[in-house]
Amino acid sequence: MDETRFMKDLIGIFDSGLGGVSIWREIVNILPLESTLYFADSANCPYGQKSQDEIVDLSERITRYLAGKGAKIVVVACNTATTAAIGHLRSVFPFPIVGVEPAVKPAALSSRSGKIGLLATLGTIESPFYNSTRARYASDVEVIARPGFGLVEAVENNQIYSVETEALLRRYIEPMIETGVDKLVLGCTHYPFLIPVIKKIVGDKIDILDPAPAVARQCQHVLEETGLLSRGSNVRYEFLSSGDNEKLDIFLRNVTSLPFSIGEI
Ligand code: DGL
């Protein structure tokens, strides 16, 4: 019998694919007594150019699945799914849902040049959710937003250090540098895995903002507030993929030294 179904003591995390692992690693870093169940929807990746209805439908199905497997909270570790579906998820499910959105607010508050760059999926850049955040918190700065076509696929296919990926990043980021941005907001959870290559392009002229630590802190805060923190016996990290388990395994071995298991859906 799968006891987790009844114990409801897991942090459920999902993304369109592997990108949300950038959030998972911050969560387990600050919450070492919590067990996690991560769902990579790699069969449907990328989400960035799907319709809002489709993303809402996928997000609801995955959230329901995670809850059925024992999630007490679900972290939507995907900007595109957060901007498209978080309101819906919160209206449907009784447990806490934490999301991630582009960190334009801290970038705007700390920018000296008054210009910030945003690299995100087309879905996020065009979403009413992101545009209302931008209007509310970043109306005093110019936001140079660029959809990062091809970058999600580069991370999914283990092509982070390829010549093609660096060329794509240069095409998107160099025009931002020319306009004088001093902050670069990574508005997609896949992109933090590209930071070594991005640093090669921006040097130390531009600060790179990855929201993962803030999302992990928010998850901790919500668990504390709702009395859902775990006592931490038998901590485990399980990963599931709707796509290729071997790809998931190779990716995880490259990014974490923690023990993990890969389950079957
Ligand atoms: N990691 C997702 C995000 O944060 C990628 C979306 C996609 O699959 O296009 O937006």
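Along the sequence shown, residues carry numbers from 1. Order of appearance sets the numbers: ligands from 1, and atoms from 1 within every ligand. Side chains are part of it too, since the values below use all heavy atoms of this structure and drop only hydrogens, waters and symmetry mates. Predicted, not measured: the structure shown is a model, and the values here were computed from it.
Counting protein heavy atoms only, atom 7 (C) of ligand 1 is closest to Tyr47 N, 3.1 Å. The single protein non-hydrogen atom nearest to atom 10 (O) of ligand 1 is Thr80 OG1, 2.6 Å, given as residue, atom name and distance.
Residues Ile125 and Thr121 fail the side-chain proximity criterion, which asks for heavy atoms closer than 4.5 Å. The shortest distance between side-chain heavy atoms of Ile11 and Val75 falls below 4.5 Å. When side chains are defined from C-beta on, Lys199 counts as touching Ile208, because their heavy atoms get closer than 4.5 Å. Put simply, the side chain of Val104 does not reach to within 4.5 Å of the side chain of Leu209, judged on heavy atoms.
Here's the thing with Gly48: one of its N/O atoms is less than 3.5 angstrom from an N/O atom of ligand 1. Geometrically, ligand 1 and Thr124 share no nitrogen or oxygen pair separated by less than 3.5 Å.
Taking the six-membered ring for Trp, Phe14 and Tyr38 have ring centres at least 6.0 Å apart. Taking the six-membered ring where the residue is Trp, the centroids of Phe251 and Phe193 are separated by under 6.0 Å.
Contacts between Thr121 and ligand 1, counted as non-hydrogen atom pairs separated by less than 4.0 Å, involve the side chain only. Counting heavy atoms closer than 4.0 Å to ligand 1, residue Asp15 contributes side-chain atoms (C-beta onward) but none from N, CA, C or O.
For the pair Gly17 and ligand 1, no heavy-atom separation below 4.0 Å is found.
Residue pairs satisfying the salt bridge (Lys or Arg N to Asp or Glu O under 4.0 Å) criterion with at least one member in residues 149-165, sequence neighbours excluded, are absent.
Heavy-atom proximity to Ser16, at under 4.0 Å, picks out these atoms of ligand 1: 2 (C), 5 (C), 6 (C), 7 (C), 8 (O). Of all atoms in ligand 1, listed by their number and element, those nearer than 4.0 Å to a heavy atom of His190 are 1 (N), 2 (C), 5 (C).
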